[in-house]
Colleague: 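Submitted below is the structure of interest, expressed as structure tokens.
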Amino acid sequence: MRAITSAIFGFIFGAGLVISGMTDPNRVLGFLDVAGNWDPTLAFVMVGAIAVTLPAFALARRVRNAALGGPISIPDRKRPITLSLVIGAAIFGVGWGLSGICPGPAIVILTTATVKVSVFFAALVLGLWIASLVPARAQRRERDDALQNLIR
């Protein structure tokens with residue numbers, strides 16, 4: 001049941017990306033070109049997404065589990081903004097700004113099988129793999145520091 005529901009919502013999300021133009025790198029780059037030939041049409045997509053998301057987040061804060069039974073985890077203000085978060089966000093932004101493609105639309109337009117999208121997707125998978133190594137390294141460092149403190 002969970003897989004079917006995930007597929008349905010994934011299809012709805014993908015259709016929304018295609019209909020809104022988020023899968024067109026040129027449109028995205030035009031939106032990001034605020035100092036040049038700015039295309040403001042994606043601002044309407046963002047306003048629409050916020051209009052849907054804000055009530056959903058308000059509702060999600062009141063319940064503990066999602067409709068399919070899994071826990072709901074919403075970031076709060078108690079979590080610090082870390083250096084790794086800032087670095088990751090900057091890398092994401094630079095990648096999005098250079099290519100006009102972000103991960104969600106990349107999965108959708110992967111079906112076009114163009115070289116540009118294939119290269120982007122391969123780089124995305126590589127970046128995810130490298131990012132998965134960073135927390136493990138940080139955790140090892142913390143564990144080693146804790147052990148060093150115990151020895152002293």
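What you see is a predicted model; the values in this text were computed from it and never measured.
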Colleague: Working to the nearest 0.5 Å, report the span between CD1 of I91 and CD1 of I130.
Modeller: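 Interatomic distance, I91 CD1 to I130 CD1, rounded to 0.5 Å: 9.0 Å.
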Colleague: So, for S99 and G95, which heavy atoms are closest and what is the spacing to 0.1 Å?
Modeller: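 The answer is OG-O, 2.8 Å.
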Colleague: Treating Ile, Leu, Val, Met, Phe, Trp and Tyr as nodes and any side-chain heavy-atom pair under 4.5 angstrom as an edge, say whether L128 and L85 lie in one connected cluster.
Modeller: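 No: no chain of side-chain contacts under 4.5 Å links L128 to L85.
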Colleague: To the nearest 0.5 angstrom, please state how far the CD1 atom of I109 sits from the CG atom of L17.
Modeller: 10.0 Å
Colleague: Enter the distance from L29:CG to L42:CG here, rounded to the nearest 0.5 Å.
Modeller: 10.5 Å
Colleague: Should D24 and V28 count as side-chain neighbours, where that means a heavy-atom distance under 4.5 Å?
Modeller: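 No, side chains not in contact.
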Colleague: Would a single hydrophobic cluster contain both W129 and F121, if residues Ile, Leu, Val, Met, Phe, Trp and Tyr are joined by side-chain heavy-atom contacts under 4.5 Å?
Modeller: no
Colleague: Is there side-chain contact between S20 and F44, with at least one heavy-atom pair below 4.5 Å?
Modeller: no
Colleague: A side-chain contact here means heavy atoms from C-beta on lying under 4.5 Å apart; do V117 and T114 qualify?
Modeller: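 Side-chain contact under 4.5 Å: yes.
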Colleague: Give a yes or no on this: more than 12 heavy atoms of other residues, nucleotides or ligands lie within 6.0 Å of atom CD1 of I4.
Modeller: no
Colleague: Any side-chain heavy-atom pair from V108 and F13 closer than 4.5 angstrom?
Modeller: no
Colleague: Strictly distance-based, threshold 3.5 Å: is any side-chain N or O of W38 a donor or acceptor partner for the main-chain N or O of F31?
Modeller: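 The answer is yes, because a donor-acceptor pair under 3.5 Å joins these two groups.
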Colleague: To the nearest 0.5 Å, what is the distance between CZ (F57) and CD1 (I72)?
Modeller: 10.0 Å
Colleague: Please report the shortest heavy-atom distance between G70 and R2, naming the atom on each side.
Modeller: N-NH2, 3.6 Å
Colleague: Is there a chain of hydrophobic side chains (I, L, V, M, F, W, Y, each step under 4.5 Å between heavy atoms) that links V45 to L32?
Modeller: yes
Colleague: Starting at OG1 of T23, measure out to CD1 of I101 and round the result to the nearest 0.5 Å.
Modeller: 9.5 Å
Colleague: How far does OG of S6 sit from CE of M1, to the nearest 0.5 angstrom?
Modeller: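 So the OG of S6 and the CE of M1 are separated by 10.0 Å.
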Colleague: Kindly work out whether a path of hydrophobic side-chain contacts (I/L/V/M/F/W/Y, heavy atoms less than 4.5 Å apart) joins F92 to I107.
Modeller: no
Colleague: Tell me whether the count of non-hydrogen atoms from other residues, nucleotides or ligands lying under 6.0 Å of CG in L126 goes above 12.
Modeller: yes
Colleague: Can you tell me if N37 has over 12 outside heavy atoms packed within less than 6.0 Å of its CG?
Modeller: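 No, the 6.0 Å shell around CG holds no more than 12 heavy atoms from other groups.
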Colleague: Are V125 and F120 connected, step by step, through hydrophobic side chains (Ile, Leu, Val, Met, Phe, Trp, Tyr) whose heavy atoms are closer than 4.5 Å?
Modeller: yes
